[in-house]
Participant: 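Below is a structure I'd like to ask you about.
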Amino acid sequence: MLSGKTILITGASSGIGAAAARMFAGEGANLVLAARRKDRLEELRAELPEATSRIKVFAGDVADPAFAEAAVSAALETFGRLDGAFNNAGMLGDMGPVSDLSLENWNRVLATNLTSSFLAAKHQIPAMAGSGGGSIVFTSTFVGHTIGLPGMSAYAASKAGLTGLTQVLAVECGPQNIRVNALLPGGTKTEMAGDDPAFHDHVAGLHALKRMAEPEEIARAALFLLSDAGSFVTGSALLCDGGNSITKA
């Protein structure tokens, strides 16, 4: 589904990003794998010997304004084009009531989850336009979209902002054959979710399917949006949440 296409993945060192890297490599994509932890990226590349020549590792912090431009440059210099981007990196931040949260935490979460997405799009769009079009996917969440969860104000606000950004970019970029969508996972078994079985059981119960997602299940939805299988999907906030948003008991 991605054969010959060049895809940039942020937050690629673990969880959904790493699952996407493995899946997209199997689909024949050229990959720029970006994250802060270069050692984890190198380990991931070593897992995929059949795709090593199609993988560029790029270490950096999405909250750094220079990162987005440098990551796109890495794709163009290595593979000559950019066809898609899975802007997946993000953080939860400190949890607690608004009255107890620091401005520093608020700014850090918004910089990592929302401002980084603006910066990513700013540099990815011209590169994709130069390649004849493409697809941008932002990892958002159901939190702040369909429900509110106590203690998650910064996270919810930053991720909800991606929906508005997605809609505007979809309208702006449609004439350039660039699709832009947000992917909204439910509870997923990643490092962010921790490893407490009791917490996992609680989270599983919030979903209609009564389980958490495997990272590969979310990566498969991203694959749909990035590939030609989703060729008429743009401006959407695609729920891949196991029925979390419709579950009240």
Side-chain angles (χ1 to χ4, degrees), residues 6-21 24 29 31-45 55-78 82-94 104-128 134-141 143-144 152 154-166 168-169 173 178 180-185 188 190-193 215 218-219 222 225-226:
T6 298
I7 308 294
L8 168 63
I9 305 174
T10 67
S13 63
S14 65
I16 295 169
F24 297 178
L31 297 175
V32 176
L33 303 182
R36 290 176 297 174
R37 298 174 292 188
K38 186 175 182 179
D39 58 334
R40 295 284 292 271
L41 294 173
E42 294 288 4
E43 290 172 6
L44 179 58
R45 179 164 61 177
I55 296 175
K56 169 71 174 178
V57 166
F58 187 81
D61 184 350
V62 293
D64 178 357
F67 171 86
E69 183 176 12
V72 170
S73 294
L76 297 178
E77 291 167 5
T78 306
L82 182 65
D83 302 286
F86 185 23
N87 297 303
N88 170 70
M91 68 176 297
L92 184 60
D94 298 337
E104 179 186 7
N105 174 73
W106 175 271
N107 287 337
R108 185 172 69 253
V109 173
L110 264 68
T112 301
N113 294 349
L114 182 56
T115 304
S116 68
S117 298
F118 155 73
L119 294 169
K122 181 178 178 65
H123 296 287
Q124 291 164 6
I125 289 166
M128 289 184 195
S135 175
I136 296 174
V137 177
F138 299 111
T139 298
S140 183
T141 178
V143 183
M152 301 182 72
Y155 181 74
S158 65
K159 292 294 190 176
L162 288 175
T163 301
L165 178 63
T166 293
V168 172
L169 289 176
C173 300
I178 297 172
V180 186
N181 293 284
L183 176 60
L184 283 58
T188 307
T190 66
E191 290 182 8
M192 186 181 292
I218 310 304
L225 292 172
L226 287 163

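Here the structure is a predicted model, which means the values were calculated and not measured. Heavy-atom basis, side chains included; hydrogens, waters and symmetry copies ignored.
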Participant: Considering all heavy atoms of both residues, which atom of Ala63 and which atom of Thr112 are nearest to each other, and what is their separation?
Facilitator: CB-OG1, 4.1 Å
Participant: Are any of the side-chain heavy atoms of Leu226 and Phe86 separated by less than 4.5 Å?
Facilitator: yes
Participant: Can you tell me how far the CD1 atom of Ile7 sits from the CG atom of Leu33, to the nearest 0.5 Å?
Facilitator: 11.5 Å
Participant: Would you confirm whether Asn113, through its side chain, and Met91, through its main-chain N or O, come within 3.5 Å as a donor-acceptor pair?
Facilitator: yes
Participant: Output all residues satisfying side chain to side chain contact (heavy atoms under 4.5 Å, CB included) with Ala127, sequence neighbours left out; order by chain, then residue number.
Facilitator: Val72, Leu76, Leu82
Participant: Could you list all the side-chain hydrogen bond (donor to acceptor under 3.5 Å, both in side chains) pairs where at least one residue sits in residues 59-78, not counting sequence neighbours?
Facilitator: none
Participant: Mark yes or no for whether Ser140, through its side chain, and Leu184, through its backbone, hold a donor-acceptor pair below 3.5 Å.
Facilitator: no
Participant: Closest heavy-atom contact between Leu119 and Ala68?
Facilitator: O-CB, 3.5 Å
Participant: Do any pairs count as a side-chain hydrogen bond (donor to acceptor under 3.5 Å, both in side chains) and have a residue in residues 10-19, sequence neighbours left out, and if so which ones?
Facilitator: Ser13-Arg37, Ser14-Arg37
Participant: With a 3.5 Å distance limit and no angle check, can you tell me whether Lys56 reaches the backbone of Ala34 through a side-chain donor-acceptor pair?
Facilitator: no
Participant: Provide the closest heavy-atom pair for Ile16 versus Pro185 in the form atom of the first, atom of the second, distance.
Facilitator: CD1-CG, 4.3 Å
Participant: Out of Ile9, Thr6, Val57, which one pairs with Leu31 under the side-chain contact (heavy atoms from CB on, under 4.5 Å) rule?
Facilitator: Ile9
Participant: Please identify each residue that fulfils side chain to side chain contact (heavy atoms under 4.5 Å, CB included) with Ala160, with sequence neighbours left out.
Facilitator: none
Participant: Give me the atom names and distance for the closest heavy-atom approach of Ala219 to Ala19.
Facilitator: CB-C, 4.0 Å
Participant: Can you tell me how far apart CG (Leu162) and CG (Leu183) are? Round to the nearest 0.5 Å.
Facilitator: 11.0 Å
Participant: Nearest heavy-atom pair of Leu41 and Phe58: which atoms, and what distance?
Facilitator: CD1-O, 3.7 Å
Participant: Once you round to the nearest 0.5 Å, how far does CZ of Phe24 lie from CD1 of Ile55?
Facilitator: 12.5 Å
Participant: Quick one: are Ile218 and Thr190 in side-chain contact, heavy atoms under 4.5 Å?
Facilitator: no
Participant: Excluding sequence neighbours, so at least two apart, what forms salt bridge (Lys or Arg N to Asp or Glu O under 4.0 Å) with Arg36?
Facilitator: none
Participant: Could you report the tightest heavy-atom contact between Leu92 and Met152, atom names first, then the distance?
Facilitator: CD1-CE, 3.4 Å
Participant: As a test of understanding, state which of Asn181, Thr166, Ile125 forms a side-chain contact (heavy atoms from CB on, under 4.5 Å) with Ile136.
Facilitator: Ile125
Participant: Residues in side chain to side chain contact (heavy atoms under 4.5 Å, CB included) with Ala85, at least two apart?
Facilitator: Leu8, Asn87, Gln124, Met128
Participant: Check salt bridge (Lys or Arg N to Asp or Glu O under 4.0 Å) between Arg45 and all other residues, then give those that pass, not counting sequence neighbours.
Facilitator: Glu42
Participant: Looking at residues at least two apart in the chain, or sitting in another chain, which of them share a side-chain hydrogen bond (donor to acceptor under 3.5 Å, both in side chains) with Thr188?
Facilitator: none
Participant: Please list, chain by chain and in numerical order, all residues satisfying side-chain hydrogen bond (donor to acceptor under 3.5 Å, both in side chains) with Asp94, sequence neighbours excluded.
Facilitator: none
Participant: Which residues pass the side chain to side chain contact (heavy atoms under 4.5 Å, CB included) test with Leu110, sequence neighbours left out?
Facilitator: Trp106, Ser158
